[in-house]
There are 2 protein chains.
Amino acid sequence: MKITMQRKILLDELKKLKSHPTADEFFVILRKKLPKVSLGSVYRNLEALSSTGMIRKLECAGSQKRFDGDTSDHYHMRCNACGKVCDYFGNGVSRIGEVLKKVCEEESFIGCNLEFFGTCINCKQ
Amino acid sequence: MKITMQRKILLDELKKLKSHPTADEFFVILRKKLPKVSLGSVYRNLEALSSTGMIRKLECAGSQKRFDGDTSDHYHMRCNACGKVCDYFGNGVSRIGEVLKKVCEEESFIGCNLEFFGTCINCKQ
DNA sequence: ATCGCTGCAAATCTTTTGCAGTAAG
DNA sequence: CTTACTGCAAAAGATTTGCAGCGAT
């Protein structure tokens with residue numbers, strides 16, 4: 001994979017975000033730094049980078065895929081009210097990880113996707 | 001919600017299936033019993049029935065949503081090779097359920113989606 | 001009789017792809 | 001120099017929606 005200017009900046013910008021943008025949301029953000037970038041390239045590069053593990057692709061619930069520059073061990077919660085995706089880094093992460101890992105071993109699954117849903121802090125008020 | 005002929009037959013046919021069809025796959029199947037049904041109504045009714053909990057909507061990985069007439073406690077594994085979705089009723093179900101339930105309580109999440117991926121029995125050969 | 005449901009077709013939304021030019025190795 | 005990557009635009013794929021007529025209550 002060639003390291004092009006677009007990819008460098010794209011990766012950089014995604015890593016900066018705490019949000020988990022969809023391709024088209026990210027396209028708008030990225031245009032501020034790369035005014036000529038096309039939506040097609042955004043799709044291609046998000047796909048390419050996630051396939052190498054440099055970013056994470058979130059494929060759960062809802063129509064649009066979302067992308068996460070944070071590849072550390074954590075899960076996500078989607079807010080039923082506003083649609084936002086929040087990180088979950090809590091205590092449960094390791095407990096969940098253990099059980100899922102064990103089931104994957106037992107059944108020789110490769111891995112899994114897990115996403116919570118609920119109401120985010122902003123929407124609870 | 002009115003109990004129409006379409007809904008009765010649609011629910012009936014979905015419950016019969018062990019597969020987890022997409023809306024368009026199910027449309028083809030349903031046409032054998034309801035030759036005049038439209039794809040739009042299939043979408044509307046699968047959505048309506050899943051929102052009442054009478055069927056399950058699987059929203060994880062991959063582009064198309066899938067539907068499951070079996071609402072009992074189980075998880076799913078998507079085969080990376082053939083794309084099929086298989087049921088997982090194994091021992092891990094209760095273990096997973098416990099951990100996820102606990103995390104949901106701790107964090108006041110409403111629920112979660114979990115999907116495994118791997119290689120199905122047919123494709124392993 | 002009312003109002004939600006239906007089939008149909010068109011519209012919308014998301015993602016992918018063909019192509020000719022450009023830039024990284 | 002070669003080959004992958006890019007922007008653009010068009011295509012493809014999935015789902016939703018407007019509408020006029022129909023059917024369940």
Side-chain angles (χ1 to χ4, degrees), chain A residues 1-14 19-52 54-68 78 82-85 113 115, chain B residues 1-14 19-52 54-68 78 82-85 113 115:
Chain A
M1 180 155 77
K2 286 186 183 174
I3 299 166
T4 63
M5 188 58 68
Q6 278 94 336
R7 285 200 179 136
K8 218 177 283 182
I9 297 181
L10 186 150
L11 187 58
D12 216 57
E13 290 299 304
L14 186 63
S19 67
H20 308 75
T22 59
D24 61 307
E25 285 168 358
F26 187 55
F27 172 64
V28 174
I29 295 167
L30 193 58
R31 278 241 152 177
K32 289 172 191 163
K33 290 287 166 69
L34 280 173
K36 303 220 65 178
V37 78
S38 72
L39 184 57
S41 294
V42 169
Y43 271 102
R44 275 184 290 226
N45 282 327
L46 287 172
E47 200 55 49
L49 290 171
S50 70
S51 78
T52 68
M54 299 176 77
I55 64 174
R56 265 175 78 179
K57 179 164 57 171
L58 313 181
E59 292 197 275
C60 286
S63 45
Q64 287 184 75
K65 285 167 194 161
R66 291 178 175 272
F67 296 86
D68 189 351
R78 178 180 303 259
C82 68
K84 276 210 189 83
V85 172
N113 279 318
E115 187 194 58
Chain B
M1 183 155 75
K2 284 186 184 174
I3 300 167
T4 62
M5 188 58 68
Q6 278 94 336
R7 286 203 177 133
K8 219 178 283 183
I9 297 181
L10 185 148
L11 187 58
D12 217 56
E13 289 300 303
L14 186 61
S19 66
H20 307 76
T22 59
D24 61 307
E25 284 168 0
F26 187 55
F27 172 65
V28 173
I29 295 167
L30 193 59
R31 278 242 153 176
K32 290 172 191 163
K33 289 287 167 68
L34 279 172
K36 302 220 63 177
V37 79
S38 71
L39 183 56
S41 293
V42 170
Y43 271 103
R44 275 185 290 228
N45 282 327
L46 287 172
E47 199 56 48
L49 290 171
S50 71
S51 76
T52 68
M54 298 174 79
I55 64 174
R56 266 175 78 179
K57 178 165 57 170
L58 313 182
E59 292 197 276
C60 287
S63 45
Q64 285 184 78
K65 286 166 193 160
R66 290 178 175 275
F67 296 86
D68 188 351
R78 176 180 304 258
C82 68
K84 276 210 188 84
V85 172
N113 279 318
E115 186 195 58

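A quick note: this is a predicted structure, and the numbers were derived from the prediction, not measured. For the numbers below, each heavy atom of this structure counts, side chains included, while hydrogens, waters and symmetry mates do not. In what follows, every chain begins at residue 1, and chains take the letters A, B, ... in the order their sequences are listed.
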Within this structure, what is the [atom1]-to-[atom2] distance between [X] and [N], rounded to whole angstrom?
X       : N      : atom1 : atom2 : result
B:Gln64 : C:dC13 : CD    : C1'   : 15 Å
A:Leu34 : D:dC5  : CG    : C1'   : 13 Å
B:Glu25 : D:dG13 : CD    : P     : 14 Å
A:Arg7  : C:dA23 : CZ    : P     : 15 Å
A:Phe27 : C:dT15 : CZ    : P     : 14 Å
B:Leu46 : D:dT15 : CG    : C1'   : 12 Å
B:Leu10 : C:dC5  : CG    : C1'   : 13 Å
B:Met5  : C:dG7  : CE    : P     : 12 Å

Considering every strand and a 4.0 Å limit on heavy-atom distances, what is the contact class for [X]: base, sugar-phosphate, or nothing?
X       : value
A:Arg31 : sugar-phosphate
B:Gln6  : sugar-phosphate
A:Lys36 : sugar-phosphate
B:Ile3  : sugar-phosphate
B:Asn45 : sugar-phosphate

**Message:** Just N and O in the side chain of A:Ser38: are any of them under 4.0 Å from OP1 or OP2 of D:dA9?
**Reply:**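 For D:dA9, neither OP1 nor OP2 has a side-chain N or O of A:Ser38 closer than 4.0 Å.
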**Message:** Can you see if the side chain of A:Tyr43 gets near the phosphate of C:dT16 - specifically, an N or O under 4.0 Å from OP1 or OP2?
**Reply:**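 Answer no for this pair, as no side-chain N or O of A:Tyr43 is under 4.0 Å from OP1 or OP2.
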**Asked** Between B:Gly40 and B:Met1, who's closer to the 5' end of DNA chain C by nearest nucleotide?
**Response**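 Here B:Met1 is the residue nearer the 5' end.
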With the side chain of [X] defined as its heavy atoms from C-beta on, choose the nearest nucleotide among [options].
X       : options                : value
B:Leu39 : C:dC8, D:dT15, D:dG7   : D:dT15
A:Ser41 : D:dG7, C:dT15, C:dG7   : D:dG7
A:Lys2  : D:dA24, C:dT15, C:dG25 : C:dG25
A:Arg44 : C:dT15, C:dT17, D:dT3  : C:dT17

Atom [atom1] of [X] and atom [atom2] of [Y]: how far apart are they, to the nearest 0.5 Å?
X        : Y       : atom1 : atom2 : value
A:Asn113 : A:Arg56 : CG    : CZ    : 8.5 Å
A:Leu30  : A:Asp24 : CG    : CG    : 12.5 Å
A:Asn45  : A:Ser50 : CG    : OG    : 10.5 Å

**Residue A:Met1 excluded, over 12 heavy atoms near CE under 6.0 Å** =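 Buried by this count: over 12 neighbours within 6.0 Å.
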**Closest non-hydrogen atom pair between B:Phe27 and B:Val37, with its separation** =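 For B:Phe27 and B:Val37, the tightest heavy-atom pair comes out as CE1-O, 3.2 Å.
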**Message:** Is there a side-chain contact (heavy atoms from CB on, under 4.5 Å) between B:Gln6 and B:Leu34? Walk through the geometry before answering.
**Reply:** CA-CA 7 Å; B:Gln6 278 94 336; B:Leu34 279 172; 4.0 Å; yes
**Item:** Donor-acceptor pair under 3.5 Å, B:Lys65 side chain vs D:dT15 base
**Value:**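 Check fails, no donor-acceptor contact within cut-off.
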